[in-house]
Asker: 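I have a structure I would like to understand better, so I am pasting it below and will then ask my questions one at a time.
Sequence lines set the chain letters: A, B, ... in the order given, protein chains first and strands last, and positions in each chain run from 1. All values derive from a computational prediction rather than experimental measurement.
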Amino acid sequence: MPDTNLNPPEHGNLVKNQDSAELERIRHSAAHVMAHAILRLWPHAQFASGPAVDTGFYYDLELDHRITPDDFPAIEAEMQKIIAANYPFEKITVTREQAIKDAQSGRLGALSERPGHPSKFKLGNIEDIPEGEPITYYKSGDFIDLCAGPHVARTGDIGAFKLTSVASAYYKGDERNPQLQRVYGVAFKTKAELDQYFAMLEEAKRRDHRKLGQEMGLYVIDPEFVGQGMPLWLPKGAVICEELEKLAKETEFLAGYVRVKTPHIAKEKMYLTSGHLPYYADSMFPPMVLRGENTGQGPAGTQPEQERYYLKAMNCPHHHRIFAAQPRSYRDLPLRLAEYGTCYRYEQSGELFGLMRVRSLNMNDAHIYCTPEQFAEEFNAVNQMYLKYFKIFGIEKYVMRFSTHDPAKLGQKYVGEPELWKQTEDMVRQVLKDSGINYVEVPDEAAFYGPKIDVQIWSVIGREFTLATNQVDFAVPKRFGLEYRDRDNTMKTPLCIHRAPLGTHERFIGFLIEHYAGNFPLWLAPEQVRVLTLNDSAELVSYAQAIVNELRTKFVRVSADFSPAPIRAKIADAEAERVHTMFVIGPRDKQAGAVSVRVHGKGNLGAKPVAQAIEEILHAITNRLP
RNA sequence: GCCAGUUUAGCUCAGCGGUAGAGCAGCGGUUUUGUAAACCGCGGGUCCUCGGUUCGAAUCCGAGAACUGGCUCCA
C-alpha cells in the first residue's frame, strides 16, 4: 500500500479555485521577475513568453550565452533583489500602434529601449492578439512586458521560489520556429510549501518505475541487441503481466467478450484501407519488402511483384478482418473481440520514457461491434469495467476526457458525417452523465473517425498518466466494408468501440510500480511467500520444506531460504526484495505446528497454525485483496 | 527528430592529464543464530564506441550510440 500522504495533485485547468488563482498570479509574476533578473545580467536577451505552469513558471528566451544551472544562483540573487525592492506591478493599456512601436524599439520584455534590437518575439505575440482585444503591458521597476496579467500587487508578494532546470522549446511550440532556451522555476506561497514540493519530488524519484523496475528485476531494456524502447520482461515482471492478463481475461469473459489471436504483421493493403498509411507511416516501423510469392518464376520480361508487410501499430484492422471473415447478422451483435495484442510503434527516440512510452507494447485491447441501438448500453458497460478496475487497484483519482469534434472542420480533420458525429457524441455524453462518471469535455480533440475518451489517472505521488484511449469509430468499419444484415433485411455498417481499460502492460505496470512504490499486493507480488528457517538443522528444514511444497501445489509463488545465515539477515534480504509475506520458522513453530507470519512493511504478525496461515494467503490471492 | 546534460565493477557513486577506487551485491570460509543487515578472505573493469591532441587520456577535443530533462509527437 502507498506509504505516504502527500498533497493531492492540482488538476491544472480542471479546477480553479481562489487559491490556485492566487498561486497562478504568484507564478506568473515570478516569471516576470526572472526575466527582469536575466536582463540585468544579459541586457540583450530576447524574451518570448513566460506563463505560469503546474508547479511554477518558465520563460522562453533567446540569448547567445547558454544558461546552465551554474547560472541559477546569480539569477536567483538578482530576483531576490527585485523582490526586496518591492516594485508595484502596474498595468498599462496601449493601442496596437503603440505596442508595435514599442516592440520595434526593443522596449518590450526589456529594461529600456534597445535600438537596433526590436523585441521580435513580442512583435509576433502582438500579431496573435485578435483585433479589438485590449493590449496591455505590465511594468515592474524598469521591466516592461507585453502581458495580459493578472499579477500580484507588488514583487514583494511573490512567495518562495527556486529555479529548477533549463530546456529548449520552439517559439510558439512550432518545430519550424527557432529554438529558444526555456528556464523553469517553481514557486509557492510559502517556503514550507516549496520544501514540501521538493520532498514530493524526492519521493517520486524514490518510486520511479525505472529505478524500482531495475532494483526489483522486473524488466530490462537492451538497446544494443534488442532496441530502444523494447522492454524485456524478466521473470518477476512477466509474473505481473500474466496476473494482469488473467484478471482481464476473467473480467472480459464475464462481460461476454470472446478472445481472438492475430499475427503481428499485415500487408500494406490493410493499412491503406484503414487509413493509417500514409498518414501515420512515420509512427510505424518501415515495411518489410518481399518479392511476390506467386511471381518468383514469372514469364520472361515481367517484374516480380513486390509485397510490403508492416508490423501492426494497432489491432483494430486485424479485428475488422475477423468481423469480415463471415456474414454477420444483427443477431450476432454485439460482437466483442478481445486480444492481448502486441503492437509496434516507431516512437521518436526522444519520446521514449521507461515503460511509459515504448516501441513494443502489449495492449489490453478489444473491439465491440454493435448497432446504434446497442451503443449506449455497450459504452456504459465499458465505463463500468474501468470503474471496476479502478477499485481493484485503489485508483481514486481519475478523469475521463471526452474529446469531441469541431463542426467547422468536418471533412478535413474529421470525417464528414455530421449526423453520426452528433448522434454518437450525444450518446456518449448521456452515458457519462447518467452514470455519474467524473468527466470533462474537450472540444476539437476527437480522433479522425469519432469521439474519444482519454482516461487520466494520477498516481499517489501526483504523476499524471493517460491510462487508455477509449474511442467510438463510425468511419473505419465503413472503409473495411463491414456490414451486418439487420432485422429489416438491409445491410448496415456497425459502430465500433475501441477500448483498452488497462492500456498496455508497459504503461500500466509502470504506473502500478509507482502507485504501490514497488510493494505489490499479494496477488500481483512476484514473490508471494518466502519460507525462512531459523537455522539449517535437518528437522527444521524438513518441516519448512513440507510447507513450501504445499504452497507450491496451490500455485503460490513461494521460495525457500534455509541457509545458515542469521535470521535477521535473512529477513533483511527478504524485506529488501519486497517479498510480500514471510513465514519464519523456528523450533517453537515446529513444536506448535505453526509459522510466524511477517508481512513486508507490516512487521511480525505473530505465530499462526500452518493451515490457517496458508488459507489466509489463498484467500487474499483469490479475491485480489489490496 | 530538435536543444541541453549524463555515461567508470551487477547496483550506487568517487577519481577529472601520470599504475582504475569505495560501499553494497557476488563467490569461498568461519559463525548455528527468534523478526531489517555476524566476521574474515577472494574475484570482478574495452572507464559507452570510434577517431584525434599528448611522452602519456577514464580525464582534453571531434563524431556516433544510449540514457536523462524538456520541446515536438502520441492513430
Side-chain angles (χ1 to χ4, degrees), chain A residues 53 58 60 66-70 164-184 205 208 210-211 214-217 220-224 227-229 271 274-277 279-284 312-317 343 345-354 356-359 361 446-450 452 454 466 469 471 473 475-476 498 504 507 532-537 540 562-579 582-590 596-607:
Chain A
V53 291
Y58 66 80
D60 287 346
R66 285 257 163 236
I67 293 180
T68 70
D70 294 340
T164 51
S165 63
V166 56
S168 89
Y170 301 104
Y171 179 50
K172 291 185 183 175
D174 187 329
E175 60 186 328
R176 290 164 302 189
N177 284 339
Q179 268 198 325
L180 308 174
Q181 302 188 57
R182 174 172 292 182
V183 183
Y184 279 93
K205 221 164 134 186
D208 191 301
R210 293 164 299 187
K211 179 173 148 69
Q214 190 206 57
E215 267 175 33
M216 297 178 69
V220 291
I221 290 177
D222 177 357
E224 196 183 349
Q228 308 174 255
Y271 302 106
S274 70
H276 291 103
L277 286 177
Y279 283 122
Y280 297 106
D282 283 352
S283 306
M284 295 175 73
K312 67 180 174 186
M314 69 297 295
N315 300 302
C316 14
C343 297
R345 298 181 182 183
Y346 192 77
E347 305 285 2
Q348 294 184 50
S349 63
E351 292 163 355
L352 299 173
F353 177 74
M356 296 300 172
R357 271 300 273 287
V358 291
R359 285 180 172 167
L361 35 123
F448 175 68
Y449 47 70
K452 66 171 181 178
D454 290 314
T466 299
T469 307
Q471 296 171 343
D473 183 345
V476 181
H498 305 239
T504 63
R507 184 171 289 186
L532 314 172
T533 52
L534 223 64
N535 59 52
D536 62 352
S537 68
L540 225 42
F562 303 156
S563 70
I567 193 66
R568 291 169 61 86
K570 296 187 346 180
I571 286 170
D573 282 347
E575 290 281 357
E577 290 172 46
R578 295 179 159 80
V579 174
M582 286 147 266
F583 283 179
V584 178
I585 293 171
R588 292 205 295 269
D589 299 293
K590 180 176 181 291
S596 293
V597 179
R598 183 185 169 102
V599 172
H600 173 62
K602 291 190 184 155
N604 185 4
L605 303 185

Asker: Each nucleotide in nucleotides 22-30 of chain B should get exactly one letter: B, S or -. Can you fill that in based on protein heavy atoms under 4.0 Å?
Answerer: ---------

Asker: Name the pairs: protein N/O against N/O of nucleotides 9-12 of chain B, kept only if under 3.5 Å.
Answerer:
| from | atom 1 | to | atom 2 | distance (Å) |
| --- | --- | --- | --- | --- |
| B:rC11 | O3' | A:Q214 | OE1 | 3.2 |

Asker: When you measure from the side chain of A:K590 to the backbone N and O of A:I585, does any donor-acceptor pair fall under 3.5 Å?
Answerer: no

Asker: Base, sugar-phosphate alone, or nothing: which one does A:D536 contact when heavy atoms must sit under 4.0 Å apart?
Answerer: base

Asker: Does any non-hydrogen side-chain atom of A:S563 lie less than 4.5 Å from one of A:D536?
Answerer: no

Asker: Which whole number of Å gives the distance between the C1' atom of B:rA37 and that of B:rU31?
Answerer: 15 Å

Asker: Let's test your reading of the pairing rules: Watson-Crick or G-U wobble, both distances under 3.5 Å, then write RNA chain B as a dot-bracket string with ( ), [ ], | and dots.
Answerer: (((((((..((((....[..)))).(((((.......))))).....(((((..]....))))))))))))....

Asker: Say whether, by atom type as modelled, one donor and one acceptor occur between the side chain of A:R507 and the main chain of A:L361 under 3.5 angstrom.
Answerer: no

Asker: Looking at side-chain heavy atoms only, is the closest gap between A:R345 and A:R359 below 4.5 Å?
Answerer: no

Asker: Mind checking salt bridge (charged side-chain N to carboxylate O under 4.0 Å, His left out) for A:R357 and listing every partner two or more places apart, or none if nothing turns up?
Answerer: A:E347, A:E351

Asker: What are the atom names and distances for every N/O pair under 3.5 Å that joins the protein to nucleotides 38-44 of chain B?
Answerer:
none

Asker: Would a distance-only check, ignoring hydrogens and angles, find a side-chain to backbone donor-acceptor pair under 3.5 Å from A:S165 to A:Y184?
Answerer: no

Asker: What is the minimum heavy-atom distance between A:Y58 and A:V53, and which atoms define it?
Answerer: CE2-CG1, 3.5 Å

Asker: Tell me, please, which residues at least two apart from A:E575 pass side-chain hydrogen bond (donor to acceptor under 3.5 Å, both in side chains).
Answerer: A:R598, A:H600

Asker: Just checking, any donor-acceptor pair under 3.5 angstrom between side chains of A:S596 and A:D589?
Answerer: yes

Asker: So which atom in A:M582 and which in A:A574 form the shortest heavy-atom distance, rounded to 0.1 Å?
Answerer: SD-CB, 3.6 Å

Asker: Distance check, C1' atoms only: B:rC24 and B:rG64, in whole angstrom units.
Answerer: 34 Å

Asker: Can you tell me how far P in B:rA58 sits from the matching atom in B:rC40, rounded to whole Å?
Answerer: 34 Å

Asker: With side chains defined as the heavy atoms from C-beta onward, is the minimum distance between A:H498 and A:Y449 less than 4.5 Å?
Answerer: yes

Asker: Return yes if the base of B:rG34 and the side-chain atoms of A:D589 contain a donor-acceptor N/O pair under 3.5 Å, otherwise no.
Answerer: yes

Asker: Which of the following nucleotides, B:rG70, B:rG34, B:rU35, is nearest to the side chain of A:N604?
Answerer: B:rU35

Asker: How far does the P atom of B:rG56 sit from the matching atom of B:rU19, given to the nearest Å?
Answerer: 15 Å

